[in-house]
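Following: one structure in structure tokens, then a few remarks.
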Amino acid sequence: MQHPVGSPLPPPHQPGHGPALGWSPAAHHPGPPQGPAPLPPPAPGYPVAPRQAPSPLPGSGPAPHQPPPAPAPHRPAPAAPAPDTTGHVPLPPGGPVAVPSVPPATAAAPDPTTTTLAVLLIGPAGAGKTSVAKYWADHRRVPTAHISLDDVREWVRSGFADPQTGWNEHSEAQYRLARRTCGFSARNFLANGISCILDDAVFPDRPVVGLGGWKRHVGPGLLPVVLLPGLDIVLERNAERSGNRRLTDEEVARIHGRMAGWYGSGLPIIDNSQLDIPETAHLLDEVLSRSIASPPNW
């Protein structure tokens with residue numbers, strides 16, 4: 001069989017092997033002179049002879065002088081990125097909140113409306129913790145965040161362990177997780193100059209759901225304040241609630257009775273039975289001013 005005129009085909013080779021020895025594509029494709037063929041690699045154990053520069057072609061004259069290559073420009077190493085950044089704003093790491101510094105006796109009373117604080121508002125269901133905390137945070141003269149433990153706990157949608165169905169290992173585990181999340185958020189807000197007020201129904205007779213966890217997750221500088229109106233007021237406010245935030249009257253009475261254990265604990269207590277939200281927030285500022293000057297022992 002004949003092939004059309006053109007470049008000859010290479011010799012056939014066996015599967016798994018390269019082209020047959022002695023065949024060179026340059027011998028069948030005329031073109032400009034090629035440089036010397038690359039030397040085969042030396043056999044192991046033999047020295048390598050120094051490679052000589054190729055001789056100039058006849059009639060080409062001496063090779064022009066080649067200037068030495070210019071040194072590569074120095075490039076500084078790229079700076080390592082900051083560990084915690086948001087866009088171009090560096091974020092300092094959050095740490096435990098320190099106890100507020102006590103001012104000298106001759107100084108004026110501290111102004112809690114302009115001081116970076118971490119406040120924990122404690123009280124039974126229907127005490128007005130969330131409403132007072134929101135109002136207090138909205139009307140401060142410095143940036144302030146409000147973190148409600150109940151809101152954080154309800155981030156869990158599927159599989160939410162509702163405490164109303166009974167306090168068990170699942171509801172306690174989700175409570176602990178929500179409290180730790182609140183503490184982490186508060187420490188990061190405070191590290192960036194933003195005050196925080198948190199609210200939770202902390203029981204004085206239950207160490208598991210007590211102040212120890214809040215102190216561990218936020219820091220010793222956390223200022224706890226108790227809101228404790230009368231039982232009739234708490235029952236009236238609870239009746240205005242809806243959804244899983246509304247409790248039975250029996251449950252409200254039981255929680256209110258346990259909260260009475262805060263009397264004699266040394267924590268400041270506000271009876272807001274006859275106070276509206278702005279009046280309670282104003283009284284909260286007065287209580288915090290005294291707590292800054294003389295932090296409670298808890």
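All figures in this text were calculated on a predicted structure; none of them were measured in a lab.
- With sequence neighbours left out, R258 forms a side chain to side chain donor-acceptor pair (under 3.5 Å) with D205.
- Across all their heavy atoms, G230 and H256 have their closest contact at C-NE2, 3.7 Å.
- For E286, the side chain to side chain donor-acceptor pair (under 3.5 Å) partners are H282, not counting sequence neighbours.
- When the side chain to side chain contact (heavy atoms under 4.5 Å, CB included) test is applied to P278, the partners found at least two apart in sequence or on another chain are Y135, D276.
- Between R254 and E250 no salt bridge is recorded (no basic side-chain N to carboxylate O distance below 4.0 Å).
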For L117 and L288: C-alpha separation, side-chain torsions, deciding distance, then whether side-chain contact (heavy atoms from CB on, under 4.5 Å) applies. CA-CA 9 Å; L117 299 174; L288 292 175; 4.2 Å; yes
Residues D199, L227; criterion side-chain contact (heavy atoms from CB on, under 4.5 Å); working and verdict: CA-CA 10 Å; D199 68 79; L227 284 186; over 6 Å; no
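- Judged as a side chain to side chain donor-acceptor pair (under 3.5 Å), and not counting sequence neighbours, D162 has no contacts.
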Given side-chain contact (heavy atoms from CB on, under 4.5 Å), test I147 with F189 step by step and report yes or no. CA-CA 11 Å; I147 305 174; F189 276 126; 4.2 Å; yes
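- Under the 4.5 Å side-chain heavy-atom criterion for Ile, Leu, Val, Met, Phe, Trp and Tyr, L198 and I269 are members of the same hydrophobic cluster.
- Of the N and O atoms on the side chains of Y175 and D200, at least one donor lies less than 3.5 Å from an acceptor on the other residue.
- Pairs engaging residues 130-145 under the salt bridge (charged side-chain N to carboxylate O under 4.0 Å, His left out) rule: D111-R141 [sequence neighbours left out].
- K129 contributes a side-chain N or O that, together with a main-chain N or O of G123, makes up a donor-acceptor pair within less than 3.5 Å.
- In the model, D271 has a side-chain atom that pairs as donor or acceptor with a side-chain atom of S273 under 3.5 Å.
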side-chain contact (heavy atoms from CB on, under 4.5 Å) between L222 and K215, intermediate numbers included: CA-CA 7 Å; L222 183 65; K215 187 175 184 179; 5.9 Å; no
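- Through direct or relayed side-chain contacts under 4.5 Å between Ile, Leu, Val, Met, Phe, Trp and Tyr, F160 connects to V156.
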